[in-house]
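Worksheet for the structure shown next.
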Amino acid sequence: MKYFLIAGEASGDLHASNLMAQIKKEDPEADFRFFGGDLMLAQGGTLIRHYREMAFMGFVEVLANIGKVNQNFKLCRKALTEFMPDLVILVDYPGFNLRMAEFAKSLNLKVYYYISPKIWAWKKKRALKIKKYIDKMFVIFPFEVDFYKQFDYKVEYVGNPLIDALKAKEDSLLTFTKLQSKYSLSDKPMVALVAGSRRAEIKKLLPVMLKASKNFPQYQFVIAGAPGIDKEYYDKFLKNYPGVSVIFNQTYSIVKNAIGAIVTSGTATLETAFLRTPQVVIYKLQYLTYLLGRLLVKINFISLVNIILNRLAVKELIQTDLVNRITDELNNILTNTPYREKMEADYEEINSILGDGSASAKTAKIIVEDLKKIEK
């Protein structure tokens, strides 16, 4: 059967690639075309547009790149029309994907959504559009089931695919000693810097992280390089920080072996919790986007860790005076043992909530079984 997938950022590439791997187990003849990234390409099929050309963040950045955005829509519509898949699978990335869902339905294509957009945070009325254009929604947080019930829309809770990704890599994670040897790290305890997967995030947040690192000479700071971002981009920020390393393709190993982490709000906060590393969460937007967000976002927290637990388990620092506040919180994480232990206990609760690591397999089985029913 033919599958057309759309993932617009690094996390989507990861989860879509794992889903593709499981679909191939259920449907060995699966034919994939997709908007996505290198991990999806490794599963086979045809990559039409890399997410590097799609990952625009915030109202201001989208406006600044409106020409590229429109080109991507045009290319996707053309690809869908030519391929006419048995199923369109959308992965998060709502601004683009919901428009493409409407177009796909105009072609009478079946459309499934894997990983619900976070419309419970803002733009809740998008649920009505989802109900209209999405034949089946797979959600990854238990509270999303009740959220969609408000709109009389039944969804499938399959567990969290981050656990799938972590379990798949668990045996291949490097120890601290191996990281030291392979990447010429020092003996100092390590602090992980996870600055996001988009250039715009890195540009805003990595300088702040680096300035804070100056206050901790007894530790070494290691940047987890984002997939799709070249080393030269990071080097521009590191001219005055010769002791800071950037390592690619080892994010989980870096975070797992770190004594603490400074993490950009997003999926990485949950990954850090799964790896049991105490963290401080930060975020910064264009000022106009920040003001709009304050008006529109209707949740109490920005970190997925806190959202899931519905309480402040990890400190969230947003927008202003970040260097000083990061320094204070990181010092607390690194030196206050009861504080660390409380955070680690909260992480255990998170892990007990979010499934057994079979989200991709469950979703793939449902997808292929549904399509086989249609064939009959």
Side-chain angles (χ1 to χ4, degrees), residues 9 11 57-59 92-94 115-127 139-148 150 157 159-163 192-198 201 204-205 208-209 212 255 260-287 289-322 324-326 328-330 332-333 336 339-355:
E9 51 198 347
S11 61
M57 178 185 69
F59 178 75
D92 201 354
Y93 200 57
I115 306 178
S116 169
K118 298 173 184 66
I119 60 172
W120 32 264
W122 73 311
K123 295 191 176 181
K124 291 184 179 181
K125 288 187 177 178
R126 277 181 167 172
V139 300
I140 64 172
F141 300 117
F143 64 81
E144 291 176 316
V145 175
D146 289 331
F147 169 80
Y148 278 106
Q150 302 172 59
Y157 172 62
N160 198 291
L162 280 179
I163 301 177
L193 303 182
V194 187
S197 61
R198 305 180 183 99
E201 286 179 320
K204 287 186 184 70
L205 293 168
V208 173
M209 294 178 176
V255 174
I262 309 173
V263 185
T264 296
S265 180
T267 305
T269 65
L270 207 51
E271 292 172 313
T272 305
F274 288 152
L275 292 164
R276 274 68 168 188
T277 301
Q279 65 182 303
V280 51
V281 178
I282 70 170
Y283 209 65
K284 188 176 184 180
L285 293 163
Q286 294 275 6
Y287 189 64
T289 304
Y290 171 67
L291 290 178
L292 286 171
R294 288 192 63 180
L295 291 171
L296 297 172
V297 175
K298 305 298 183 186
I299 53 174
N300 296 324
F301 306 107
I302 62 165
S303 163
L304 286 169
V305 174
N306 295 336
I307 290 168
I308 292 166
L309 294 176
N310 197 29
R311 64 176 186 270
L312 192 68
V314 296
K315 187 66 69 70
E316 301 175 347
L317 308 179
I318 308 170
Q319 209 69 14
T320 58
D321 193 28
L322 289 178
N324 289 329
R325 292 195 290 156
I326 289 170
D328 289 343
E329 178 61 14
L330 186 58
N332 210 13
I333 284 171
N336 186 334
Y339 189 79
R340 289 175 62 85
E341 290 175 347
K342 173 65 170 64
M343 195 177 294
E344 290 164 356
D346 288 333
Y347 287 171
E348 291 302 322
E349 186 175 343
I350 285 274
N351 279 270
S352 69
I353 289 172
L354 291 180

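None of these values were measured; they are calculated from a predicted model. Sequence positions, counted from 1, serve as the residue numbers for this chain.
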Heavy atoms only: give me the nearest L354-F274 pair and the separation to one decimal.
-> CD1-CZ, 3.7 Å
Over all heavy atoms of both residues, which pair between Y347 and V305 is shortest? Give the atoms and the distance, please.
-> CE2-CG1, 4.4 Å
Is the side chain of Q150 donor-acceptor paired with the backbone N or O of F147 at a distance under 3.5 Å, no angle test?
-> yes
Do the side chain of T277 and the main chain of V255 share a donor and acceptor less than 3.5 angstrom apart?
-> yes
Show the numbers, then the answer: is there a side-chain contact (heavy atoms from CB on, under 4.5 Å) between D346 and R311?
-> CA-CA 10 Å; D346 288 333; R311 64 176 186 270; 2.7 Å; yes
Step-by-step side-chain contact (heavy atoms from CB on, under 4.5 Å) determination, R276 to E348 | CA-CA 8 Å; R276 274 68 168 188; E348 291 302 322; 2.9 Å; yes
Validation row: N336, R340 side chains within 4.5 angstrom (heavy atoms) = no
Close side-chain approach of I115 to P161, heavy-atom, < 4.5 Å | yes
Measure from the side-chain N and O atoms of E316 to the backbone N and O of I302, and report whether any donor-acceptor pair falls under 3.5 Å.
-> yes
To the nearest 0.5 Å, atom OG1 of T267 lies from atom CD1 of I140 at 7.5 Å
Check step by step if side-chain contact (heavy atoms from CB on, under 4.5 Å) holds for M343 and I333.
-> CA-CA 9 Å; M343 195 177 294; I333 284 171; 4.3 Å; yes
Is a side-chain donor or acceptor of N306 paired with a backbone partner of L312 at a separation under 3.5 angstrom?
-> no
Step by step, would you call V194 with M209 a side-chain contact (heavy atoms from CB on, under 4.5 Å)?
-> CA-CA 9 Å; V194 187; M209 294 178 176; 5.7 Å; no
Any side-chain heavy-atom pair of V263 and E271 under 4.5 Å | no
Nearest atoms (heavy-atom pairs only) where E329 meets Y339 = OE2-OH, 2.5 Å
Gap between atom CD1 of I308 and atom CD of E349 - 0.5 Å precision = 10.5 Å
When you measure from the side chain of R325 to the backbone N and O of I318, does any donor-acceptor pair fall under 3.5 Å?
-> yes
Value rounded to 0.5 Å, distance of CD1 in I262 from CG in L205 = 10.5 Å
How many angstroms lie between CH2 in W120 and CG in D146, if you round to the nearest 0.5 Å?
-> 14.0 Å
E201 and S265 have their tightest heavy-atom pair at OE2-O, 4.4 Å
Look up atom NZ in K204 and atom OG1 in T264, then write down how far apart they are to the nearest 0.5 Å.
-> 11.0 Å
Heavy-atom closest pair (N310 atom, F301 atom, distance to 0.1 Å) is C-CE1, 3.8 Å
Can you check whether E9's main-chain N or O pairs, donor with acceptor, with Y93's side chain at less than 3.5 Å?
-> no
Minimum heavy-atom distance S116-Y148, with the two atoms named = OG-OH, 2.7 Å
Find the distance between CD1 (I282) and CG (L317) and round it off to the nearest 0.5 Å.
-> 7.5 Å
Do the side chains of Y283 and T269 get nearer than 4.5 Å, heavy atoms only?
-> no
